[in-house]
Protein chains: 2
Amino acid sequence: MKKEDQVLMGFRDLYNKIVWLNKNKMEDSLKGYTSSEVHCIEYIEKNADSNVTKLAESFYMTRGAISKLTQKLIKKGLIESYQKSDNKKEIYFRLTAQGKVIDKIHEDLHKEFQERDKAVFEQVTEEQFDSMLSFVEKYSRHLDAVIKKQGLDMKSE
Amino acid sequence: MKKEDQVLMGFRDLYNKIVWLNKNKMEDSLKGYTSSEVHCIEYIEKNADSNVTKLAESFYMTRGAISKLTQKLIKKGLIESYQKSDNKKEIYFRLTAQGKVIDKIHEDLHKEFQERDKAVFEQVTEEQFDSMLSFVEKYSRHLDAVIKKQGLDMKSE
DNA sequence: TCGACTTTGTTTCCTTGTCAACAAAATGGC
DNA sequence: GCCATTTTGTTGACAAGGAAACAAAGTCGA
């Protein structure tokens, strides 16, 4: 097998493992909240004026799904929506006090994960970090270009 | 932000992007087949005597989900099940001729993806490949240990 | 060998997300 | 300014996957 395949498959397996493990741990610690809900809360806290469309693009999900998710979070009292005086279409979100509590717990959990994996990262040299970061950025930019090109292609079909 | 966070978030975003892009392309080329179905076919072709449990573990999905998925693939005539004379419990899968056709198309598509991303991988040195592979392997083994430990912990609860 | 425990696959109910159609607001060319 | 187009968020029908309960087969210690 080619090394690029090994890398991609290795990443896939590693990523799935991390997601599975952290999801289990999180839904165990934050009972009553799914990992989707918590990630949504995290994003809203970190990004001012986030709305359905931005959340959907960031999570590679449909607007429909995000719309339902945010409505649920509003019903649960974790986020609230607001609008700006010069735009009656876009609807933005921010955390409520209760939402901030959840975000804080999630943040602590995140630190716990870091602690759990510290041994692995301690072995990584600065050069390795930079090398991986540069790879990720290059690849990501490349795919953005592909997506952009494809977007144009789709219109012409 | 710490570099380890940058790396992890970079990988997460990159991975989501790849999955989204390839999924779209695949379900466009292989109309009538979802990416889950195709991945299931791929796994069965590559792993002799695969069964529901092995598929579930490999995909980090429940056995229930895989059970339904394989039943659908059997109905579609893409895979068939068989048993061994000394075990009346385990049920294995293999591809039918039609399944192999789909697998072949998927394989070609995979080569197309490689071609699409060739430019990125050409810039990666042998050392970078090895460094990333070693990181992935170390991290993966570390998480396996965590999962194993957690498994024991759960029993004791 | 027998009975308790484990493993394997299936089923039912429920949640989550997609798809496609839609309404309302914003935008842009003329 | 007006009308066609685009953007934004929502909805309902549907499909995919998870959780839990289950039956049937296998395993293993006494």
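Naming: A, B, ... by sequence-line order, numbering from 1 per chain. Any value given below was found using the heavy atoms of this structure, including those in side chains, with hydrogens, waters and symmetry copies removed.
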Yes or no on salt bridge (charged side-chain N to carboxylate O under 4.0 Å, His left out) for K118(B) and E115(B), after CA distance, side-chain angles and deciding distance?
CA-CA 5 Å; K118(B) 212 174 71 179; E115(B) 198 59 32; 3.2 Å; yes
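For the pair S131(A) (side chain) and E127(A) (backbone), a donor-acceptor distance under 3.5 Å is absent. A donor-acceptor contact shorter than 3.5 Å links the side chain of T96(A) to the backbone of L78(A). Side-chain atoms of H106(A) never come within 3.5 Å of backbone atoms of I102(A) as a donor-acceptor pair (strictly under, hydrogens ignored).
A heavy-atom distance below 4.5 Å is not found between the side chains of I18(A) and F113(A). In this structure, L55(B) and M61(B) have side chains that are not in contact, with every pair of non-hydrogen atoms separated by 4.5 Å or more.
To the nearest angstrom, P of dC19(C) lies 11 Å from CH2 of W20(B). dG9(C) atom P lies 6 Å from atom CD1 of I91(B), rounded to whole Å. When rounded to the nearest whole Å, the span between NZ of K76(A) and P of dT15(C) equals 11 Å. In this structure, the NZ atom of K84(B) is 16 Å from the C1' atom of dT7(C), given to the nearest Å. Note: CE (M61(A)) to P (dA15(D)) measures 19 Å, nearest angstrom. In this entry the distance linking CZ of R63(B) with P of dA23(D) reads 15 Å, nearest Å.
The aromatic ring centroids of F11(B) and F11(A) lie less than 6.0 Å from each other.
Ion pair K23(A)/E27(A) flagged as a salt bridge, since at least one NZ, NE, NH1 or NH2 atom sits closer than 4.0 Å to an Asp/Glu carboxylate oxygen.
E90(A) and Y92(A) share a side-chain donor-acceptor pair at under 3.5 Å.
Within residues 64-73 of chain B, the residues approaching DNA chain C are G64(B), S67(B), K68(B), Q71(B), by heavy-atom distance under 4.0 Å. Only N51(B), V52(B), T53(B), listed by number, bring a heavy atom of residues 31-60 of chain B to less than 4.0 angstrom from any atom of DNA chain C.
Between its two ends, the helix from dT1(C)-dA30(D) to dC30(C)-dG1(D) turns its axis by 40°, counting five pairs per end and rounding to 10 degrees.
Other residues, nucleotides and ligands contribute only 12 or fewer heavy atoms inside 6.0 Å of the NZ atom of K25(A).
The CZ atom of R141(B) lies 10.0 Å from the NZ atom of K17(A); values are rounded to the nearest 0.5 Å.
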Polar atoms only, N or O, under 3.5 Å: list the protein pairs with nucleotides 24-27 of chain C and their distances.
from	atom 1	to	atom 2	distance (Å)
dA25(C)	O3'	K89(A)	N	3.4
dA26(C)	OP1	K88(A)	N	2.5

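Looking at residues two or more places apart in sequence or on another chain, you find a side-chain contact (heavy atoms from CB on, under 4.5 Å) between Q71(B) and S67(B). The ring pair (Phe, Tyr, Trp, His ring centres under 6.0 Å) test applied to F135(B) returns F121(A), Y139(B), not counting sequence neighbours.
If you find the closest nucleotide of DNA chain D to Y92(A) and to E27(A), the one lying nearer the 5' end belongs to Y92(A).
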